[in-house]
S.K.: 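After the structure tokens below, expect a handful of questions from me.
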Amino acid sequence: MRRRHVAVLGYDGVRLMDVTAPLEVFGTAERMGGAYTVTLCSPTGEPVTTSAGTRLMPAAAAAEIDAAHTLVVPGSVEFPQYAPPLALLDAVAALAEVSERVASVCTGAFVLARAGLLDGRRAVTHWRHAALLARYHPAITVEPDAIFVRDGSVYTSAGVTAGIDLALALVEADEGADLAREVARDLVVFLRRPGGQSQFSVPSRTPPGADDPLRPVLDAVAADPAADHSLPALARLGGFSPRHLTRLFHERVGSTPAVYVEAVRIEAAQALLAAGATVTAAAARSGLGSDESLRRAFLRRLGVTPSAYRARFRSTTG
């Protein structure tokens, strides 16, 4: 049986779990009979220090790997604030040329993007940075709510633990659902996580600072999601014309006012459902209106129904 060589690329500043999650999934699959050989490498083969301060000891330099079935590029807390170093980009480009498929975890998508591997493709990264990925790399179609995205032989995944979801999906594609399910059971995780990453994110993906011109508008939406937050009402509140307010939202929030208001209302409904509110009460108090409106919004944004979300996340304390 042909063994699949999985190369996970570590580098200074890499996020520890972005590295260890795929290593654990593929390593567990190998121990359970999967045809994998897993190698942790680095651009030079030297030890690397993760963002958590942990030192990792790669088994090889990138140049020593002459063929791989899968290349995994983890992310870093330094991206996208800083451009990936040239040595890392060179290593990724070289490894991608000798790999059958390439995958990134979290902000590793920024490395693939800078290496030109995502141009013309669909991709995802951590929800916090999805708008920046789209802005910096307009040739990429960013899908901000996905847990992972496949476009041809290139895979990208959302924040941190989504590396587990992605690696399990790759194992399932390679070895079948039975082995992938056994690996998921061993790791005590979902084989297929229900919903998208929006259910774990904070809707205020907004600029900090009390002096931001949008702050009064954003604060008003957060304080009372069920109030009248139509475009004219928000424009009056902020002292802007509707057109100028829309432009500010695009520039600073990365969405329209209506999309932002709905995101806040969905988050409010999530909190209400987790606290034990009924679907009807959550719909009314969040500003989403009827049960059916809430259901459509949840399915569109989170990929789950309100009742399923309530069953999964409802607090059993207090």
Side-chain angles (χ1 to χ4, degrees), residues 6-31 36 38-62 64-65 68 70-92 95 102-115 123-130 132-133 136 144 146-148 155-171 183-184 186-190 193 197 199-202 205 208:
V6 178
V8 180
L9 182 62
Y11 51 90
D12 283 329
V14 72
R15 200 159 187 174
L16 179 60
M17 196 167 187
D18 285 13
V19 176
T20 57
L23 285 175
E24 193 65 41
V25 171
F26 286 112
T28 302
E30 180 183 5
R31 291 192 297 275
Y36 291 109
V38 187
T39 300
L40 174 64
C41 62
S42 70
T44 64
E46 296 297 314
V48 297
T49 303
T50 71
S51 60
T54 304
R55 293 272 283 175
L56 300 178
M57 306 296 290
E64 295 174 335
I65 296 177
T70 303
L71 166 64
V72 179
V73 180
S76 168
V77 294
E78 296 182 353
F79 309 144
Q81 291 87 345
Y82 303 101
L86 289 178
L88 175 59
L89 293 176
D90 289 343
V92 168
L95 286 167
V102 178
S104 67
V105 181
C106 197
T107 56
F110 285 87
V111 183
L112 299 191
R114 287 296 294 265
V124 67
T125 188
H126 191 292
W127 63 263
R128 191 185 300 277
H129 305 300
L132 286 177
L133 181 63
Y136 293 165
I147 297 296
F148 65 86
Y155 297 72
T156 51
S157 61
V160 194
T161 59
I164 297 176
D165 301 82
L166 174 59
L168 284 170
L170 296 177
V171 170
V183 174
D186 185 74
L187 300 178
V188 198
V189 295
F190 286 113
R193 187 192 313 210
Q197 62 171 327
Q199 62 185 302
F200 304 102
S201 67
V202 178
R205 307 166 196 173

S.K.: Tell me whether D18 contacts the main-chain N or O of G75 through its side chain, where contact means a donor paired with an acceptor under 3.5 Å.
M.R.: yes
S.K.: Heavy atoms only: give me the nearest A158-A146 pair and the separation to one decimal.
M.R.: CB-O, 3.5 Å
S.K.: Any side-chain heavy-atom pair from S104 and F110 closer than 4.5 angstrom?
M.R.: no
S.K.: Please report the C-alpha distance between R55 and E46 in whole Å, then the side-chain angles of each, then the deciding distance to 0.1 Å, and finally whether the salt bridge (charged side-chain N to carboxylate O under 4.0 Å, His left out) criterion is met.
M.R.: CA-CA 10 Å; R55 293 272 283 175; E46 296 297 314; over 6 Å; no
S.K.: Taking the side chain as every heavy atom from C-beta outward, state whether I65 and L95 have any atom pair closer than 4.5 Å.
M.R.: yes
S.K.: Would S51 and R15 count as having a side-chain donor-acceptor pair, cut-off 3.5 Å?
M.R.: no
S.K.: In the structure I gave you, are the side-chain heavy atoms of F79 and H129 within less than 4.5 Å of one another anywhere?
M.R.: no
S.K.: Could you go step by step and tell me if V124 and L133 meet the side-chain contact (heavy atoms from CB on, under 4.5 Å) rule?
M.R.: CA-CA 9 Å; V124 67; L133 181 63; over 6 Å; no
S.K.: Name the residue from L168, V8, V183, V171 that meets the side-chain contact (heavy atoms from CB on, under 4.5 Å) definition with F26.
M.R.: V171
S.K.: Considering residues at least two apart in sequence or located in another chain, which fulfil the side chain to side chain contact (heavy atoms under 4.5 Å, CB included) criterion with D186?
M.R.: T28, M32
S.K.: Got V19 and T50 here, is their nearest side-chain heavy-atom distance under 4.5 Å?
M.R.: no
S.K.: Look at the side chain of E24 and the backbone N and O of A21, then say whether any donor-acceptor pair between them is shorter than 3.5 Å.
M.R.: no
S.K.: Does the side chain of V105 come within less than 4.5 Å of P22's, by heavy atoms?
M.R.: yes
S.K.: Using a 4.5 Å cut-off on heavy atoms from C-beta on, say whether the side chain of T49 contacts that of T54.
M.R.: no
S.K.: Is there a side-chain contact between L88 and L9, using heavy atoms and a 4.5 Å cut-off?
M.R.: yes
S.K.: Is there a donor-acceptor pair closer than 3.5 Å between any side-chain N or O of S76 and the backbone N or O of E78?
M.R.: yes
S.K.: Tell me, do V102 and Y155 make a side-chain contact under 4.5 Å, heavy atoms counted?
M.R.: no
